[in-house]
Amino acid sequence: MEASSLSTLRTGFFALFLSLCTLVPAHAACDDTASISGQICKRLTDTWNEGEHDLYLPFHTFHLPYAYSDEAINTYRENTWGLGYGRSRHDESGSWNGLYGMLFLDSHSKLQPIVGYGHQWLWGPREGLHAGLGYTVFVTARADIRSYTPIPAVLPIASINYGKVAVNAAFMPGGMGFGNILFLWGRVGF
């Protein structure tokens, strides 16, 4: 990784850290729950302030074979090992809410950061086996796209959970030779 790219990545993570730190005192600004922005603000700050700690373990990216040739898939890294941290909580309706940041190896073996918010509606007992469907809103950056220029996105997510352990998947739609990727990660609450 070039020194300028590494510097840009460090600057982005520092900005993210400062942004997350401002969520704690911002709680008073979220009292106007009549507005959409107030509701979003309250959900985010409640998740950060009341949530439990989570360890995130990104581990695999599956390039769907109908969108990529075998030759292309063979050049991609599919074991996208990484690490992350988050905070999550279950709201009044039993849905899961999470704030997270992860760093993992992308398909080209370059570091890829991602920070975001996830929401899942859950089915089944939280203490036992249960499943979830929802969405994630996030910002990521890639070395091969304008040297780590931030990229915002929204993707569908699903999970299989047992207690505080989860295997999650996000689907990135696309066309021939781009997108059409299933990204997998683990989450362990502590």
Side-chain angles (χ1 to χ4, degrees), residues 1 6 9-24 26-27 43-62 77-91 93-143 148 150-172 181-190:
M1 181 179 287
L6 190 57
L9 190 60
R10 273 193 228 124
T11 302
F13 272 112
F14 182 69
L16 166 68
F17 175 74
L18 289 177
S19 298
L20 290 176
C21 289
T22 61
L23 284 176
V24 177
H27 189 70
R43 181 175 289 180
L44 295 177
T45 56
D46 286 353
T47 299
W48 184 257
N49 293 333
E50 300 169 11
E52 297 179 345
H53 302 282
D54 289 324
L55 178 66
Y56 282 75
L57 301 165
F59 63 88
H60 195 76
T61 299
F62 181 67
R77 166 184 283 279
E78 289 203 318
N79 292 324
T80 53
W81 300 112
L83 191 61
Y85 170 78
R87 306 269 297 172
S88 65
R89 73 177 185 91
H90 294 89
D91 61 24
S93 67
S95 295
W96 175 86
N97 297 274
L99 291 167
Y100 63 88
M102 291 186 270
L103 186 62
F104 58 92
L105 295 173
D106 70 11
S107 301
H108 304 287
S109 299
K110 303 288 186 187
L111 288 175
Q112 181 172 345
I114 182 172
V115 295
Y117 165 78
H119 180 88
Q120 290 188 51
W121 294 273
L122 302 175
W123 294 272
R126 272 193 277 154
E127 308 78 37
L129 187 63
H130 56 286
L133 285 175
Y135 61 91
T136 182
V137 178
F138 63 92
V139 175
T140 190
R142 292 178 49 106
Y148 289 106
I151 305 164
V154 178
L155 293 177
I157 57 174
S159 67
I160 299 292
N161 310 269
Y162 188 83
K164 292 185 177 188
V165 176
V167 175
N168 297 271
F171 177 68
M172 179 189 308
I181 295 171
L182 192 62
F183 176 62
L184 303 168
W185 70 95
R187 180 175 52 83
V188 179
F190 61 98

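- Using cut-offs of 30° and 60° for the angle between ring planes, the W121 and Y135 rings count as tilted.
- Between the side chains of Y100 and T136, at least one donor-acceptor pair of N or O atoms lies under 3.5 Å.
- Between V115 and G101 the shortest heavy-atom distance is CG1-CA, 3.9 Å.
- Using modelled atom types, one finds no donor on one side chain facing an acceptor on the other under 3.5 Å when comparing H108 with R77.
- To the nearest 0.5 Å, atoms CH2 (W123) and NE2 (H130) are separated by 11.5 Å.
- Between the side chains of S88 and D54, at least one donor-acceptor pair of N or O atoms lies under 3.5 Å.
- Between R187 and N161 there is a side-chain heavy-atom pair separated by less than 4.5 Å.
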query: Passes side-chain contact (heavy atoms from CB on, under 4.5 Å), L184 versus F62? Steps please.
result: CA-CA 8 Å; L184 303 168; F62 181 67; 5.7 Å; no
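- Nearest heavy atom pair, residue A169 against residue L182, reads CB-CD1, 4.1 Å.
- For the atom pair H90 NE2 and Q120 CD, the distance stands at 9.0 Å (nearest 0.5 Å).
- Scanning all heavy atoms of the two residues, the minimum distance from H119 to N97 falls at ND1-OD1, 2.9 Å.
- Atom OG1 in T140 sits 9.0 Å away from atom CE in M102 (nearest 0.5 Å).
- The CH2 atom of W96 lies 11.5 Å from the CZ atom of R89; values are rounded to the nearest 0.5 Å.
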- request: Could you check Y85 against Y56 for side-chain contact (heavy atoms from CB on, under 4.5 Å), going step by step and ending with a plain yes or no?
  value: CA-CA 6 Å; Y85 170 78; Y56 282 75; 5.8 Å; no
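- Heavy atoms from other residues, nucleotides or ligands lying under 6.0 Å from OH of Y162 number 12 at most.
- Shown here for V167 and F59, the closest heavy-atom pair between the two residues is CG1-CZ, 4.2 Å.
- One finds the CH2 atom of W185 at 15.0 Å from the CG atom of L83 (value rounded to the nearest 0.5 Å).
- Expressed to the nearest 0.5 Å, how far CG of L105 lies from CG of N79 amounts to 10.0 Å.
- Scanning all heavy atoms of the two residues, the minimum distance from F190 to L55 falls at CE2-N, 3.6 Å.
- Nearest heavy-atom pair across V154 and F138 is N-CE2, 4.4 Å.
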